[in-house]
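Numbers restart at 1 for each chain; the letters A, B, ... are given by sequence-line order, proteins then strands. Heavy-atom basis, side chains included; hydrogens, waters and symmetry copies ignored.
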Number of protein chains: 2
Amino acid sequence: MTTIRDVAKAAGVSVATASRALNGMTNVTRPTRERIEAAARKLDYVPHSGARSLTRQRTDTIGVVLPDLFGEFFSEMIRGIDLVVHAAGKTLLLGNMHGSAVETGQALRTMRGRVDGLLVMPPDSSAETIPDALLRDIPTVLLSAGAENGTIPFVTVDNYAGAKLVTEHLIDCGARRILHLAGPQSNRDAGERERGFRDVLRARLGQDEPLVLPGDFHEEAGREAARRLLHEELEYDAVFAGNDMMAVGLMAELRDAGIEAGRDILVAGFDDIPLARYVTPQLTTAHSDIMRLGSSAARLLLQAMGGEQKGPTDSLVIKPTLAVRGSTCKIDREKRD
Amino acid sequence: MTTIRDVAKAAGVSVATASRALNGMTNVTRPTRERIEAAARKLDYVPHSGARSLTRQRTDTIGVVLPDLFGEFFSEMIRGIDLVVHAAGKTLLLGNMHGSAVETGQALRTMRGRVDGLLVMPPDSSAETIPDALLRDIPTVLLSAGAENGTIPFVTVDNYAGAKLVTEHLIDCGARRILHLAGPQSNRDAGERERGFRDVLRARLGQDEPLVLPGDFHEEAGREAARRLLHEELEYDAVFAGNDMMAVGLMAELRDAGIEAGRDILVAGFDDIPLARYVTPQLTTAHSDIMRLGSSAARLLLQAMGGEQKGPTDSLVIKPTLAVRGSTCKIDREKRD
DNA sequence: TTGAAAGCGGTACCAA
DNA sequence: TTGGTACCGCTTTCAA
């Protein structure tokens, strides 16, 4: 592979001059520059970004570490991030921590020296898995993490408020026996959603111990819940699923059994992934602008990288809105905010 | 940020010894190693991957450059890639070229010195946009590119065969006036699909000039096509969309006008993205195992990086199968292969 | 087993 | 305007 030294030699100049010419500095005479550029072209020179970033002390790269790369939620998030990162002329380095805390730490460590800033969505929504060393030296913004994280700014959806919105809506539609299909135990978002659900049920219906089924945010958990509903002949008139994927799985499975959401039972989800509009009936859900979540986080990070001090106070909490669709009643379609 | 020098100093050894200890080499005495490890822990040492890869001459990173990061197609592809890359203990560096050839070249250049291998999906499915210098020095596998690319191995779907499968199926279902909603002009995949469509129409129905509407693989193009169908009162009994997203858009728009796919008109797509099963009616499509496409490409690349000579002959062409669902007739459900 | 030192491929400072 | 050169942080010979 040709290096800048080869180019310099071919052009009969020092590496210093070659570097200057190639980087568009003005203090190089026309003819010299042209000789260098010609040589670079002829030798097919491509600078070694690794070496460059070592001396420059910056990489022009943003690292993103997510618990999973798959599915619409992350896909949209990445899109939002990419949008602003790309506009800022920087590159995205995507890491996947595959859900485990150990792997998270590992993934994050390898980021050192390859990125100037970090966008992290911790598996359990807490920053504990992030090595302190990194936090001290690399500007970091947490995605979808709680306020308890101390000193790191974060961007998140107000899960509690969203869950309340959805639950209220189900009750407004006449539901009285409402089941919640929860997300992963350790996940803070899931916890907040469940808390919102419980609080509303207590306040509005005086129910202190509503039925909450365990789930994991994946489609199959929704199907599983549907099967339990059927086999155990549980008499519920509404289900609030912890996220859309589970709601979709649940609806599909119920449908196979001849039970139609929106007619025989009300179903609502959370997130408003694109898919929510395509299923039949369309899914009522707490709408969060996921893409915006990603781009806001990226923007916050860029500011922090620009030297601005950013702390938890700069954090952004996005309030979800209620998107009423066919899977529940439509009585309060006007109620959206 | 603490460097290996700090650690060495704190442990009272040379950087060489520190490096050896930290990298698990055996030629370090127990006590020395323990002193070094203690120092590293105390100082919160995280190695600088950039510097390390500069000397090591490898990065343990695979670069992936796609025309877009959004949507289920890419999402699944990335999942497939990540699966094998992660299993191989390597990191993913994701780049987005935002569709343009210039940006592609740019994105690829910045990969130099940051990755050991490259997975590229060129915007027009041709390798021309890839700088020669990179191709010579970085093992590369093309995603979804044609055989015409010369010397680079690639992994692709047999678009022509898939399109024929779908078109045959529509005819078998009784369709005689079939419309094709094409993908982007410059896209080779799209071109192959259109070619398959045309060939079957000519062979089976003797139609030499079927109607082909322009599209771009996005949902809105499907909706637009539906609107044309409605307003211009085009009398067609089937639509073969160049990909699922467009088919989905088309079905949704037709449905709003009271026209039901599978009943009033037959609709088929291509790709079999997860969404295809969720829409109502479910979408008939050419099923390609996109995830497998990604993982196969990654596997091929890893082999090439391992020193094995890989050329176009090692390329993998995946034959799609027909997935018959509710958006078309079901007469030949058994015909799947 | 350990240390000194030479790079890896650039950038940028200091002189000339 | 140019060139010489000292790093950036780490790995890896080569000697000791």
Side-chain angles (χ1 to χ4, degrees), chain A residues 1-37 39-40 43-61 109-116 133-134 137-138, chain B residues 1-37 39-40 43-61 109-116 133-134 137-138:
Chain A
M1 179 55 93
T2 72
T3 76
I4 198 169
R5 270 169 245 274
D6 300 323
V7 176
K9 199 172 299 172
V13 297
S14 71
V15 289
T17 308
S19 173
R20 273 171 245 155
L22 264 12
N23 285 299
M25 322 236 80
T26 52
N27 50 354
V28 183
T29 49
R30 260 292 276 290
T32 315
R33 150 168 288 121
E34 280 167 3
R35 273 211 324 284
I36 295 172
E37 283 171 349
L43 296 177
D44 241 342
Y45 172 69
V46 178
H48 187 291
S49 336
R52 162 181 282 178
S53 58
L54 188 56
T55 61
R56 280 222 187 147
Q57 299 287 53
R58 32 174 266 257
T59 61
D60 291 324
T61 299
R109 299 178 94 77
T110 68
M111 290 289 174
R112 154 101 217 271
R114 336 179 84 166
V115 304
D116 299 333
L134 296 181
D137 297 332
I138 307 182
Chain B
M1 178 54 94
T2 74
T3 74
I4 197 170
R5 263 170 255 275
D6 302 323
V7 176
K9 198 172 299 172
V13 296
S14 71
V15 289
T17 307
S19 171
R20 283 186 283 249
L22 264 12
N23 285 298
M25 322 235 82
T26 52
N27 50 354
V28 182
T29 48
R30 261 292 275 289
T32 315
R33 148 168 289 119
E34 280 167 3
R35 276 214 320 286
I36 295 171
E37 283 170 350
L43 296 177
D44 240 344
Y45 172 68
V46 178
H48 187 290
S49 333
R52 162 180 282 180
S53 57
L54 189 56
T55 61
R56 280 222 187 146
Q57 298 288 56
R58 33 173 265 257
T59 60
D60 291 323
T61 299
R109 300 177 92 79
T110 67
M111 290 290 173
R112 155 98 217 273
R114 333 178 88 164
V115 304
D116 300 333
L134 296 181
D137 299 331
I138 307 181

Open item on the list: Heavy atoms from C-beta onward define the side chain here; which of C:dT11, C:dG3, C:dG7 lies closest to that of B:Thr55?
Closed with: C:dG7
Open item on the list: Does A:Arg20 contact D:dG3 through a side-chain donor or acceptor facing the base, at a distance under 3.5 Å?
Closed with: yes
Open item on the list: Of the options C:dG3, D:dG9, C:dT2, whose atoms approach the side-chain atoms of A:Leu54 most closely?
Closed with: D:dG9
Open item on the list: Without decimals, in angstroms, what is the distance between A:Ile36 CD1 and D:dT1 C1'?
Closed with: 11 Å
Open item on the list: I'd like to know if A:Arg56 reaches the base of C:dG10 with its side chain such that a donor and an acceptor end up less than 3.5 angstrom apart.
Closed with: no
Open item on the list: Quick check against the 3.5 Å criterion: does A:Ser49 have a side-chain atom that pairs as donor or acceptor with the backbone of B:Gly113?
Closed with: no
- [ ] Look at the side chain of A:Ala16 and decide which nucleotide, out of C:dG3, C:dT1, D:dG3, has an atom nearest to it.
- [x] D:dG3
Task: Closest nucleotide among D:dT11, D:dG9, C:dT2 to the B:Thr32 side chain - done: C:dT2
Task: DNA chain C: 5'-proximal contact among B:Asn27 and B:Gln57 (nearest heavy atom) - done: B:Asn27
- [ ] Name the closest nucleotide to the A:Ser14 side chain, picking from C:dT11, D:dC10, D:dG4.
- [x] D:dG4
Open item on the list: Any non-hydrogen side-chain atom of A:Arg114 less than 4.5 Å from a side-chain atom of A:Thr61?
Closed with: no
TODO: Look at the side chain of B:Arg35 and the backbone N and O of B:Ala11, then say whether any donor-acceptor pair between them is shorter than 3.5 Å.
DONE: yes
Open item on the list: Using heavy-atom distances to pick each residue's nearest nucleotide on DNA chain C, tell me which of B:Arg112 and B:Thr29 is more 5'.
Closed with: B:Thr29
TODO: Take the protein atom CD of A:Glu34 and the nucleotide atom P of D:dT2, then report the distance between them rounded to whole Å.
DONE: 12 Å
Open item on the list: By the 4.0 Å heavy-atom rule, please label A:Val15 as base, sugar-phosphate, or nothing.
Closed with: base
TODO: Quickly work out the A:Tyr45 OH to C:dT11 C1' distance and round it to whole Å.
DONE: 10 Å
TODO: Using atom CG of A:Asn23 as one end and atom P of C:dG9 as the other, report the distance to the nearest whole Å.
DONE: 17 Å
TODO: Measure from the side-chain N and O atoms of A:Arg33 to the backbone N and O of A:Met25, and report whether any donor-acceptor pair falls under 3.5 Å.
DONE: yes
TODO: Return the value, rounded to whole Å, for the distance between atom NZ of B:Lys9 and atom P of D:dG9.
DONE: 12 Å
- [ ] Nearest whole angstrom, please: distance from the C1' of C:dG9 to the CE of B:Met111.
- [x] 19 Å
Task: Distance in angstrom units between A:Asp6 CG and C:dC8 C1', rounded - done: 13 Å
Open item on the list: If you only use heavy atoms from C-beta on, which nucleotide in C:dG10, D:dG9, C:dT2 is closest to the side chain of A:Arg5?
Closed with: C:dG10
Task: A:Thr3 side chain near C:dC8 phosphate (N/O to OP1/OP2, under 4.0 Å) - done: no
Open item on the list: Distance check needed: C:dG7 P versus A:His48 NE2, whole Å only.
Closed with: 17 Å
Open item on the list: Counting the atoms with a prime plus P, OP1 and OP2 as sugar-phosphate, which does B:Ser19 contact under 4.0 Å by heavy atoms, base, sugar-phosphate, or nothing?
Closed with: base
Open item on the list: Taking only side-chain N and O atoms of A:Arg52, does any of them lie within less than 4.0 angstrom of OP1 or OP2 on C:dT11?
Closed with: yes
TODO: With side chain to side chain contact (heavy atoms under 4.5 Å, CB included) as the test, would you mind laying out the steps for A:Met1 and B:Arg112 before giving the verdict?
DONE: CA-CA 10 Å; A:Met1 179 55 93; B:Arg112 155 98 217 273; 3.0 Å; yes
Open item on the list: Could you check whether any side-chain heavy atom of A:Asp44 comes within less than 4.5 Å of a side-chain heavy atom of A:Thr2, counting everything from C-beta outward?
Closed with: no
